[in-house]
Amino acid sequence: MAAPRYAQIQIDSQKCQTPFDCKRCLQGCPQSVFQVRAVKVERGRETNPKEPGAYMLFAPYRDKCTGCNLCIELCPVDALTITFPESGTV
Amino acid sequence: MCWVCDAYGDPEYGNGRWYLNPKNHSRQLYTLKKPGQKPADYGSDPEATAARSVAEIMKTRFEDPEKFQQLVKEANAMKEKSPFQIGQVVPIQEAFQVVDMAYPVASMSCICRLHSRAHEERNEHEYSCTGLGVGMFKWERWPERYKGGVNFMTPEEAKAWLWKWNKKGMVHILMTFGGSYVGGICNCDYPDCGMIRHRVDYGIITGCLKSHWVAQIDYDLCNGCGICVQRCQFGAIKFEVTMDKTNIDQMKCFGCGLCETACPRKAISLIDRMSLPGLREVW
């Protein structure tokens with residue numbers, strides 16, 4: 001059996017500016033591959049979800065990605081690309 | 001034997017269960033600092049420390065699968081003073097006992113669903129996580145964690161509130177945030193809960209230990225209605241078509257008791273894990 005092929009998920013953070021406010025890929029992914037984190041954290045203040053660049057999108061569970069491309073269809077700003085490189089590469 | 005009970009339990013209280021030991025609800029534990037020493041054991045934000053240690057393990061699984069296996073093994077070696085959060089599933093009856101012992105009890109927003117699904121819980125009708133202990137008085141310091149604040153509850157309100165989530169099908173998981181202080185009762189499901197996910201998908205068991213109970217079906221009482229099948233978050237219950245009955249795999253069972261509270265014929269009961277020789281070391 002060949003080694004598993006893991007998805008490479010590229011997130012263009014220039015295009016994806018307010019992932020927490022948009023949340024379409026986060027909630028639409030059947031495998032729950034994505035996570036969103038606040039990157040501008042100020043002590044004692046909540047981060048504004050509508051502020052560009054305040055939150056960032058990650059794909060920490062990309063080994064669960066099946067390549068269904070639902071997130072790409074859902075993304076309103078075309079920030080996502082998914083590739084499946086040959087096995088052996090990470 | 002449950003290693004957390006070994007380390008933090010007291011045979012005089014609650015049958016030796018660590019979360020029924022009043023010492024683990026003591027506010028002294030929460031604030032105790034030795035003079036001249038930093039509370040360096042777990043850092044200023046134990047939850048973030050624990051999250052980082054798990055994140056580091058998770059990162060290695062692409063680059064070095066062998067190292068990943070090694071790190072998971074180390075994480076599961078379960079030492080005291082481990083940087084990982086200890087989590088243990090409890091059935092709702094024991095969650096009630098914990099709510100009776102802890103003070104204060106507050107509901108708040110769930111951090112896992114905030115990260116994994118960007119799901120915002122803005123008020124007490126939406127909150128799905130329970131915080132226990134004096135840290136709840138200081139929530140303004142971490143508004144990212146406690147979005148919208150916290151809602152303090154009496155034990156009776158807390159029980160009604162836990163029932164609400166139990167009916168919806170959430171598993172109750174006790175959480176520590178460094179040390180043995182029982183800091184919260186999460187209401188979790190798969191896959192948006194980080195603890196269940198790391199356990200079921202990646203084998204990191206410390207954050208989601210199985211409970212002290214396992215579910216057992218009374219074969220004669222079960223009429224095969226199948227209501228319990230959809231309640232199980234761990235895939236332990238299957239419907240046996242030819243027998244027209246449901247079957248619980250006790251090896252997979254986490255003992256959360258969700259199937260027990262849903263069964264209309266009271267055919268499912270929870271039995272003590274320690275009474276089954278084959279399951280005594282399965283946590």
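The shown structure was predicted, so the numbers you read here are calculated from the model rather than taken from an experiment. All heavy atoms count here, side chains included; hydrogens, waters and symmetry mates do not. Throughout, a chain's letter reflects where its sequence line sits, starting with A, and its residues are numbered from 1.
Interface summary for chain A: among B:Lys59, B:Glu120, B:Glu140, the most heavy-atom pairs under 4.5 angstrom belong to B:Glu120. By number of non-hydrogen pairs under 4.5 angstrom with chain B, the leading residue of A:Lys23, A:Glu46, A:Gln35 is A:Glu46. Contact tally against chain B (heavy-atom pairs below 4.5 Å) for A:Gly44, A:Cys25, A:Pro60, A:Gly28: the top residue is A:Gly44.
Shown here is B:Phe137, whose CZ atom has more than 12 heavy atoms of other residues, nucleotides or ligands within 6.0 Å. Within 6.0 Å of the NZ atom in B:Lys164, the count of heavy atoms belonging to other residues, nucleotides or ligands exceeds 12. Heavy atoms from other residues, nucleotides or ligands lying under 6.0 Å from CZ of A:Arg45 number 12 at most.
Between A:Leu26 and B:Arg117, the shortest heavy-atom distance links the atoms O-NH1, 2.7 Å. Heavy atoms only, all atoms of each residue included: A:Gln31 and B:Arg197 are closest at O-NH2, 2.8 Å. Of all heavy-atom pairs spanning A:Ser32 and B:Pro191, the tightest one is CB-CG, 3.8 Å.
Ring planes of A:Tyr6 and B:Phe62: perpendicular class, angle over 60° (limits at 30 and 60°).
Judged by the 6.0 Å distance and 45° axis criteria, B:Lys147 is positioned over the aromatic ring of A:Phe20. Relative to the six-membered ring of B:Tyr190, A:Lys64 misses at least one condition, a distance below 6.0 Å or an angle of at most 45° to the axis.
Both the backbone and the side chain of A:Val36 come within contact range of chain B, with heavy atoms under 4.5 Å apart. Residue contact with chain B, scored on non-hydrogen atoms closer than 4.5 Å, involves the side chain of A:Tyr55 exclusively.
Separation of atoms OH (A:Tyr61) and OG (B:Ser116) is listed at 7.5 Å; rounding is to 0.5 Å.
When atom types are taken as modelled, the side chain of B:Glu144 and the backbone of A:Thr47 share a donor-acceptor pair closer than 3.5 angstrom.
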